[in-house]
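Have a look at the structure below before the remarks.
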Amino acid sequence: MAAAARVIAVASNSTAAASSCLLLKTPFALKRGSNAFSFNNGRRLSKRLLSCNAIYNPQVQIKQEGQPETLDYRVFFEDTSGKKISPWHDVPLHLGDGVFNFIVEIPKESSAKMEVATDEAFTPIKQDTKKGKLRYYPYNINWNYGLLPQTWEDPSLANSDVEGAFGDSDPVDVVEIGESRRKIGDILKVKPLAALAMIDEGELDWKIVAVSLDDPRASLVNDIDDVEKHFPGTLTAIRDWFRDYKIPDGKPANKFGLGNKAANKVSIDFTLFPTPKMPLCFVLFLLF
């Protein structure tokens, strides 16, 4: 069976453009009758944290250029020397003990469709456009939304567990369910709790549900059951929001794999190997 969820975590000194690396051809499968994934051969990746020499831990500051809600508006990330860095490439992903960095692109209770500009130098955050016009959701998103740095959903990988959908060639998305409204460019320490396998026009677009460690209820939630207890109705609300948000524009509803349900308690494992383009590179596996 093909890999159920596999993405590449980019590790590169270059901030001018997205790099690519080779996939490790080790399949893993969905255990029948459960929401847990395992390798076909029964082996699991080591949980030992591996690090790339190209990755550093920047003290980040935000610099805005242009006016919000204009075509020229950009949110750049800089280190303490004022040097521009990439939020996608240069902010570390893994912090240890199941904690990850999460970069806020869209604050909760807002509608401007902000995203990392993966095709621009230093990948700043900008407002998405369509036919030269700024894009907005038809209504506010109710959670903080953004990405896991150094991740990428592989568009060449057909996922047989999710209707054969291919990755959407974007960073992995995060829906952060804490009570605070964050700012564009905030970097939060989060722990994953669940995942939804959204299929958007045939492309697989994982939504990792997570909570910031500084949220008052963070210590109470570690899996789906905890989310249902302490954030009742949230998983269903997230699924329904992302299913329906394109309908007002005359498009069909998005679909979800894995039986239209959230996968329970995300565990993220790594392996490390060289590629022709980079001396060291992460491959990131999502195991549910």
Side-chain angles (χ1 to χ4, degrees), residues 10 15-18 58 60-79 82-91 101-153 155 167-178 180-188 190 196 198 200-201 203-210 212 238 241-254:
V10 178
T15 55
V60 175
Q61 53 194 10
I62 300 301
K63 181 180 179 181
Q64 299 182 56
E65 296 187 4
Q67 295 298 314
E69 299 189 61
T70 67
L71 294 173
D72 295 329
Y73 181 64
R74 298 291 186 274
V75 178
F76 283 96
F77 289 61
E78 297 180 345
D79 62 19
K83 178 184 176 181
K84 287 181 179 178
I85 63 170
S86 165
W88 185 21
H89 298 295
D90 295 328
V91 175
N101 275 325
F102 156 61
I103 298 171
V104 178
E105 295 169 302
I106 305 174
K108 68 187 297 184
E109 305 308 332
S110 65
S111 64
K113 193 175 187 303
M114 309 300 294
E115 62 179 23
V116 163
T118 58
D119 59 350
E120 294 185 12
F122 303 106
T123 64
I125 296 174
K126 68 172 185 177
Q127 189 166 352
D128 191 22
T129 61
K130 185 174 183 179
K131 296 181 180 179
K133 296 183 178 180
L134 297 171
R135 293 186 66 189
Y136 293 86
Y137 291 122
Y139 34 73
N140 286 350
I141 189 168
N142 306 126
W143 312 273
N144 298 300
Y145 187 59
L147 72 141
L148 290 176
Q150 298 177 0
T151 63
W152 177 70
E153 297 203 50
D168 67 356
S169 195
D170 284 327
V172 174
D173 297 328
V174 173
V175 183
E176 195 277 318
I177 62 175
S180 297
R181 184 182 190 269
R182 308 297 182 151
K183 297 178 181 178
I184 297 173
D186 279 354
I187 301 176
L188 307 181
V190 301
L196 288 159
M198 191 177 90
D200 182 356
E201 298 182 6
E203 295 181 331
L204 182 56
D205 186 5
W206 288 99
K207 306 299 180 188
I208 306 299
V209 180
S212 179
I238 291 171
W241 195 97
F242 282 100
R243 182 193 64 197
D244 297 340
Y245 79 90
K246 291 186 176 182
I247 292 176
D249 293 330
K251 294 184 177 181
N254 289 319

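Since the model is a prediction, treat every value here as computed from it, not as a measurement.
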For this session: In sequence, state the C-alpha distance, the side-chain angles, and the governing distance for Ile238 and Val209, and then conclude on side-chain contact (heavy atoms from CB on, under 4.5 Å).
Result: CA-CA 9 Å; Ile238 291 171; Val209 180; 4.1 Å; yes
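- A search for side chain to side chain donor-acceptor pair (under 3.5 Å) contacts involving Arg74 returns Glu120, not counting sequence neighbours.
- Donor-acceptor pairing under 3.5 Å is lacking for the side chains of Gln127 and Tyr73.
- Of all non-hydrogen atoms in Ala210 and Val174, the two that sit nearest each other are CB-CG1, 4.0 Å.
- Taking the six-membered ring for Trp and thresholds of 30 and 60 degrees, Phe242 and Tyr145 have ring planes inclined between 30 and 60 degrees apart.
- Distance CD1/Ile184 to CE/Met114: 4.0 Å, rounded to 0.5 Å.
- Here Trp88 and Phe77 keep their ring centres 6.0 angstrom or further from each other.
- Among residues two or more places apart in sequence or in another chain, the ring-ring contact (aromatic ring centres under 6.0 Å, His included) test is passed with Tyr136 by none.
- Residues passing the ring-ring contact (aromatic ring centres under 6.0 Å, His included) test with Phe76: none are found, sequence neighbours excluded.
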Exercise. Given the rule in the side-chain contact (heavy atoms from CB on, under 4.5 Å) test, do Leu204 and Asp168 qualify, once you have shown the distances and angles that lead to the verdict?
Worked result: CA-CA 6 Å; Leu204 182 56; Asp168 67 356; over 6 Å; no
Problem set entry | Test salt bridge (charged side-chain N to carboxylate O under 4.0 Å, His left out) applied to Lys84 and Glu65, step by step | CA-CA 12 Å; Lys84 287 181 179 178; Glu65 296 187 4; 3.4 Å; yes
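- When Lys108, Glu109, Glu176, Glu105 are each tested for a side chain to side chain donor-acceptor pair (under 3.5 Å) with Asn144, only one passes: Glu176.
- Remark: Ser169 pairs with Trp152 by the side chain to side chain donor-acceptor pair (under 3.5 Å) rule, at least two apart or across chains.
- Residue pairs meeting the salt bridge (Lys or Arg N to Asp or Glu O under 4.0 Å) criterion with at least one member in residues 242-253, sequence neighbours excluded: Asp200-Lys246, Glu201-Lys246, Glu201-Lys251, Asp240-Arg243.
- No side-chain heavy atom of Leu147 sits less than 4.5 Å from a side-chain heavy atom of Phe102.
- Look at Asp128 and Lys126 and you find no salt bridge, because none of the NZ, NE, NH1 or NH2 atoms lies under 4.0 Å from a carboxylate O.
- Applying the side chain to side chain donor-acceptor pair (under 3.5 Å) rule to Gln61 yields no partners; only residues at least two apart in sequence or on another chain are considered.
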